[in-house]
Structures are given as structure tokens and as C-alpha cells.
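Read the structure below first, then the notes.
Fair warning: this is a prediction, and the values are worked out from it, not measured in the lab. In each ligand, atom 1 is the first atom listed, and ligand 1 is the first ligand listed. All values below were derived from every heavy atom in this structure, side-chain atoms included, with hydrogens, water molecules and symmetry-related copies excluded.
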Amino acid sequence: MLAPLESHVDLAALPQAERLARMRHSAAHVLAEAMLELMPEAELGIGPPIDTGFYYDFRLPRPLTQEDLTWLEERMRASIKRQHAFQMAAITRAEAEERWRKQPFKLDLLKDIEDGNITQCTHADFTDLCRGGHVNQTGEIPAFKLMSIAGAYWRGSEKNPMLQRVYGALFETQEELEAYEKQLEEARRRDHRRIGRDLKLFDLIDEVGPGHVVWLPAGATIRRELQRWIEDLEIERGYQHVITPAVAKRELYVKSGHWDHFRDAMYPVMEREGEEYVLRPMNCPSHIMVYMSAQHSYRELPIRIAELGNMHRWEKSGQLTGMSRVRIMTLNDAHIFCADTAQVEQEVEGVLHLMEEVYSVLGLKDYTYRLSLRDPNDHEKYVNNPPMWEAGEALLRRVMQKIGLNFYEAEGEAAFYGPKIDVQFQTAQGKDETLVTVQVDFHLPAQCKLEYVTEDGGRAQPIIVHRGVLSTMERMIALLIEEYEGNFPLWLAPTQAVVIPIADRHVPYAQEVAAQLKAVRLRVEVDNRGDRMNAKIRDAQLRKLPYMLVVGDREAAAQAAALRVRGGTDLGAMPVAEIVEKLRTERDTRALAP
Ligand SMILES: [Zn+2]
Ligand SMILES: [Zn+2]
């Protein structure tokens, strides 16, 4: 009998994080025990605790099924009921090699452990190679559930065999476990990748490339509406829109300093006729070229150059997520060239007001402002110019305090050339993401030797404010899909209404009704398929169309339609002219309804 290495642990006295880690790690042992019962030839990988529970990796003779998970879970509950003690013991290398002689992954792990440090853990009749950190006995494993099966390479390397990973969720109480399951369900329901596919908004096609979004007609419609809107808002505010090429000579980015700080995130260089070209990772150098294309006097400043600019960034394949992390994106970008810090303050204030207006129209509420500062000790990542940094950071802080925005500060999050304000959003998956930024930049103007003519005929250097408002079209629309769960407000909805004739003989009248809606540029369809009316209504609801206009004999006689709202409300028969007016107003005011 082996002498136990671990004495009794008082779980209640431990910090919660450690207590949970012990429970989750112990549950992984019990899972492996059950797996060997199900498939004695199973080869065991590792079984660590994770944030929400635990997992265990196995190489198995066949793929696991949902039924297997149910079976495994039952066996685990039986083992837990029997309150088996966890017993640690030190063993020699020879003993370990003998015990796991049929377990190649355990033997592989063994290579990394020094002689004298080899320990095992036994509960019931199951023994695992293990460093320790358990509960006392299986009965102390609380609420858990086996959640899913995924593929995972041994030691995370694609050169190694692919194993099957079983995930379990584990919390201290049943209530916490249920709350977690609910949160997962909510995230799944709101996931823009699923909704985007269901509503045919966009696609990611292997032949086109990972992270290269293909906008389908419906998604392109949403994007077009957003672009027209933001361009109009910007033009009203004195922005001048330009169009600059997405390919430029590498030299441009060497001059701007982007090549030095950013080349790993760029697509590889293209060479032709002795020149090197790159896909642009950022629009700043292009807009600096626009500024430099003419001489500017102090009277013209601030100059606000805007563009829906195409950018290319080599994100690692593993980082790509639907439309929220992509490689080719279009940023609602602008660079404001200011004469002095007083202008910078005014312009940043204007940008923040525009953001507040835009997010309020879109109905976005779950965001916070973050003042991103440099890490004062990191001179490699950040341009070394302390007075410049201090001036910029103080200025951004002052503006946010003046407007009364809630914000927090974070060191080490600035851009390489200057401090910034980040707008932080929560994704449906619970991740904190930066949607857009406002940056004050004294560095690039110096780097690119920008100047303007001062009042007394001298030369001075402008300061650049870099800003986005709508973010990239990709990230914003991913966010909106999740925010609305696909129920876009009327002005953004790809199809705004569908006219549903009750019988075939009502199709001509349905076409007439549709024509009246189209006359005011509403996006409308006629569902003239041979299906029953109820099937057509259900279909329109699945497509999340804002309005359904049902027409039959009575409606045709009265120049009316029975109006149904997405979500089920039936407004009854209304004159078509009235419906047109209602929808038009809703669209033009960008109401969040219906
Ligand atoms: Zn263990
Ligand atoms: Zn920029």
C-alpha cells in the first residue's frame, strides 16, 4: 500500500480559485476513470482544470457520440457517490514506465519529469500520472456536466496525433452551473457567425481565403446603408472624403515607420519591375500623402481627411473569428490635421460627440471608454519621447473629463506613436474588444516632415488626430448582428417588407402594393410561391423581415393590406398609403423599431 503524500485538505479554508481548480482537476480524473470503463483501449493525454471546468484528451478507437457523453457522465456520478479517496504517491521511473507501458502519451509526459519528482494519483481502481492538487475524495466534486467534444493535437502541435477532447463544466453550485449554461446558450443564440449564415449576410469561402469576407447581397445592403449614413454625417461635419489605393510602395511604410513596427502583421511584399509593393495595413500614410499633395496655410486647418479605407493585416489563422477578426477590412477612417493642441482638443471633442450620436442611433449601450497609455519602461514598443507622451495623455484625459464621459486608464495599450482613447465593447462571447480608437499623434507629422504656413509666413508642424467611429464595417456589422440578434431596425434591414398574397389570384394586387413601397425606395419582395399563407408568414419570421403585408380579396377591394410586425403583432388592415407613410417615417428617422 502506498503512503499518501497529501494530507487532508480543508477545502472551505482555501481561496475559491484554488478550491475550484482542485475540484475541476479531480473531476478530470473521474472522467478518465469512466473512459477506461467505456473503452479500455483508450490512450490518455492530459486533463487540466480550465476557467469554466475541465477537459481530458483521449486517443480512442472511434469518435465519441452524444450518447457516450451521457453514459460517461452517469459513470462519473456513480464514482462520485462512492466517495473514493484520492491518494498521491511517489514512484520510480521504472515503476512509472511499467505502469503506463501501453500509454504512449503518459510515457511522453514522463520524459519531461525529473527522477524523484514522479508522482501518481489513485482513486478507485484508476491511477494517473499526476502532480497533485485534488479534493480529498470524489464525493467533494460538486455540480458538473460534460459539455462537448472537440479535436485537439497532442501538445498543441499539428505534427502530433489528433486526440478527442471532452469538455466538462464544473461549478460549486447547481445554480452557477445553470447560469453558465444559460450564458452559453445566449452566446450561441446571438453568435454573428450563425445568424450571418442563416440570414445569408456574408460567407467565408476557403478558395477566397480565411479571414477574407465575402459580402452577400443582404450583408452588402446593410453595409451600404451604414456607409451612406456615416459619410453624410462626416460631410456635415466638414470631413473631406478621399479614395486612395490599397496597394502602395513598401517605401511609403518605411518612411512612416509602419514597416518597422508593423511588418509582421502585413501581407508579404510583391515585387515587379524592381519595385516593392505591399497591401496597406493602415490608411494613415495614404492620408498623409493627400495632405502633402498641396501646401496648406494655418487658415485651412483643421483639415479632416476621411475614407472608407481598405486595410490588410496578416492575423494568425487561429485568431480569425467570423467577421469580428478578419484579414481584409474596411475602416471608417479619418485623419484630422490640426494646427495646435487647442485644435486637437476641439477635434477630439467633436469626434467623441459624433461617436455618442452614432452609437445612440444604433442603440448600442454596452461600451466603455478606455484611455490607453504607453508603458513608460518599454522603449522598444513605444516611440521614446516622454514630453510628447505626457502632453498627449493629459489632453485626452482633459477632453473626456470635460464631456463627462466615464473612462478608465490602461498602461501599455497605446499605439506605438501616441496615446489613444479606445471604445471597448463586450462581444456576445463575453470578450472585451476594442471597436474604434481616437489617437493624438505628434510623431508621424515629424517623421513625415509635415508642415503648414503660419500666420507670419513661417513653417510649423501640424498634429494628427487618427479616428474611427463606426470601426471596420466587418467588426461593426458583427457587433450589430449580435446586438440585434439579426432583427435589424427597418433602415438597415436588407429586405424591409414582404407582400404575401393569400391566393394566386391576389398576386397582381400584391405586385401593385409592392410597387407603391418601392416608389419610396423601400426594399420589398412579393412572396408569390405556391405555399400556404401561414407557411409564408413563418418563413418571413425566420428571415427576421420587419413587416409582412398580407393581401386577399377584402384588402384588394379597399386598397389596403393587413400589416404584421416581426415578432408577431398583427396591426390589422390599413390603407396602403398609410403603411407606406409609416414605414418611410420609421426608416428616415432611423428608428430602432420594429
Ligand atoms: Zn491529479
Ligand atoms: Zn491613422
Side-chain angles (χ1 to χ4, degrees), residues 4-6 9 18 21-33 44-49 54-56 84-91 106 109 113 117-124 126-138 140-141 239 242 244 248 252-253 256-258 261-262 280-291 303-311 313 329-338 347-348 351 414-422 434 436-445 447-448 450 462-469 471-472:
L5 286 181
E6 267 182 346
V9 278
E18 197 196 328
R22 281 175 179 267
M23 291 167 166
R24 288 165 175 169
H25 172 76
S26 305
H29 278 271
V30 179
L31 168 59
E33 175 206 349
L44 309 180
I46 54 166
F54 57 93
Y55 68 77
Y56 211 115
H84 299 293
F86 285 100
Q87 289 182 305
M88 290 293 295
I91 51 171
K106 294 295 171 191
L109 290 171
I113 311 175
N117 284 339
I118 305 172
T119 54
Q120 64 179 28
C121 176
T122 304
H123 80 278
F126 174 77
T127 300
D128 208 345
L129 180 67
C130 177
R131 234 177 278 135
H134 309 99
V135 292
N136 301 293
Q137 42 97 357
T138 55
E140 286 168 336
I141 294 171
Y239 286 82
V242 296
T244 58
L252 179 64
Y253 303 98
S256 70
H258 286 97
H261 284 85
F262 221 71
R280 75 168 159 207
M282 291 186 163
N283 305 314
C284 331
S286 313
H287 290 184
I288 287 174
M289 290 299 115
V290 171
Y291 180 86
I303 294 176
R304 308 177 187 91
I305 309 285
E307 179 172 10
L308 288 152
N310 218 231
M311 312 187 304
R313 298 189 183 175
M329 62 212 91
T330 302
L331 182 64
N332 160 227
D333 207 356
H335 294 88
I336 309 176
F337 297 80
C338 302
E347 291 303 309
V348 171
V351 169
F416 76 83
Y417 48 73
K420 57 190 175 113
I421 296 171
D422 291 321
T434 301
V436 275
T437 62
V438 188
Q439 302 171 12
V440 180
D441 180 3
F442 301 86
H443 172 73
L444 269 179
Q447 183 92 5
C448 301
L450 299 187
I463 307 160
I464 300 180
V465 175
H466 306 244
R467 51 111 280 193
V469 170
S471 178
T472 65

>> As an exercise, state the distance from CD1 of I464 to CD1 of I336, rounded to the nearest 0.5 Å.
In response: 11.0 Å
> Could you state the interatomic distance from CE (M311) to OG1 (T330), rounded to the nearest 0.5 Å?
Replying inline: 8.0 Å
> So, do H134 and M88 sit near enough that their side-chain heavy atoms are less than 4.5 Å apart?
Replying inline: yes
> Any side-chain heavy-atom pair from V465 and V348 closer than 4.5 angstrom?
Replying inline: yes
> Distance below 2.8 Å from the Zn ion (ligand 1): how many protein N/O/S atoms qualify?
Replying inline: 4
> Checking only N/O/S atoms, does H335 have one that is under 2.8 Å from the Zn ion (ligand 2)?
Replying inline: yes
> E140 side chain to N136 main-chain N or O, any donor-acceptor pair under 3.5 Å?
Replying inline: yes
>> Between T138 and H84 (side chain of the first, backbone of the second, donor and acceptor by atom type, cut-off under 3.5 Å), is there such a pair?
In response: yes
> What N/O/S atom of H466 is the closest to the Zn ion (ligand 2)?
Replying inline: ND1
> Does R24 pair with E18 as a salt bridge, N-O distance under 4.0 Å?
Replying inline: no
